[in-house]
Amino acid sequence: MTKTSTCIYHFLVLSWYTFLNYYISQEGKDEVKPKIFANGARWKYMTLLNLLLQTIFYGVTCLDDVLKRIKGRKDIKFLTAFRDLLFTTLAFPVSTFVFLAFWILFLYNRDLIYPKVLDTVIPVWLNHAMHTLIFPITLAEVVLGPHSYPSKKTGLTLLTAASITYISRILWLYFETGTWVYPVFAKLSPVGLAAFFSLSHIFIASIYLLGEKLNHWKWGDMRQPQKKRK
């Protein structure tokens, strides 16, 4: 049975991410924010997509916690399996990627990813909530409980599909609006863009494999059992 303290933690994290999504959705009356969210609104930024993803994951996790305390493990195997698949293939890799990619580019040249004009719109605490705090939260989830990993083929295939979908949206928005989602893309040639996207995918796939290693180190082999062939 899930520990009460863990259930409370999951609920607090869900509340935090729900608050962040609500706060960001309130565009206000300033002139800069509507321009940032134009041409694709909030859902063109991986940072904000990640906040939505984390909210969904912790919503599923809280439901899983509650049902386990009511019904027991055997009655909610599907929900637990979905929770684990969501965390292992998306929630952990994406949040870790956002944290690392953002701060690497920010420290190298912030104008490539987060121009100074955003400081007048996005408070410092919100910047760290979106780009810093996400990492210790997702790392804590690895430590607090085991997550069953799918086969590497299944996990990497799902992650690749998500990456291709997001990259396709970035390119579609550019062809529709003539504006790149992130300033760094405007600095790159077509070959440079292809290399950037390829390296980014290799990076996030490596994070997925790291998550599997961390889970194995902490909890042992938690891979989902393979179905026997008839």
- Here the gap from Cys62 atom SG to Phe57 atom CZ, rounded to the nearest 0.5 Å, amounts to 9.5 Å
- Task: Using the six-membered ring wherever Trp is involved, compare the ring planes of Tyr45 and Tyr182 and label them parallel, tilted or perpendicular (cut-offs 30° and 60°).
- Result: perpendicular
- Could you point out which residue of Leu86, Leu14, Leu53 forms a side chain to side chain contact (heavy atoms under 4.5 Å, CB included) with Tyr58? Leu14
- Task: May I ask you to test the Thr138-Val94 pair for a side-chain heavy-atom distance under 4.5 Å?
- Result: no
- Query: Nearest 0.5 Å, what's the CG-OG1 distance between Asn127 and Thr132?
  - Reply: 6.5 Å
- Query: Any link between Leu171 and Ile164 through a network of hydrophobic side chains (Ile, Leu, Val, Met, Phe, Trp, Tyr) touching at under 4.5 Å?
  - Reply: no
- Item | Ser151 and Thr154: CA distance, side-chain angles, deciding distance, side chain to side chain donor-acceptor pair (under 3.5 Å) verdict | CA-CA 5 Å; Ser151 66; Thr154 299; 2.9 Å; yes
- Message: What verdict does the ring pair (Phe, Tyr, Trp, His ring centres under 6.0 Å) test give for Phe92 and Tyr208, after you've listed the backbone C-alpha separation in whole Å, the side-chain angles of each residue and the deciding distance to 0.1 Å?
- Response: CA-CA 7 Å; Phe92 178 81; Tyr208 169 84; 8.9 Å; no
- Item | ring pair (Phe, Tyr, Trp, His ring centres under 6.0 Å), paired with Phe99, selected from Phe135, Phe203, Phe106 | Phe135
- Query: Is Asp65 salt-bridged to Arg69, cutoff N-O under 4.0 Å?
  - Reply: no
- Message: Restricting to ring pair (Phe, Tyr, Trp, His ring centres under 6.0 Å), what partner residues turn up for Trp217, sequence neighbours left out?
- Response: none
- Does one side chain, of Asn50 or Ser95, offer a donor that lies under 3.5 Å from an acceptor on the other? no
- Centroid-centroid under 6.0 Å between Trp172 and Phe175 rings: no
- Between Phe185 and Phe196, ring centroids under 6.0 Å: yes
- Output field: ring centroids Trp103/Tyr114 closer than 6.0 Å: no
- Item | Within-4.5 Å side-chain heavy-atom neighbours: Thr4 and Ile8 | yes
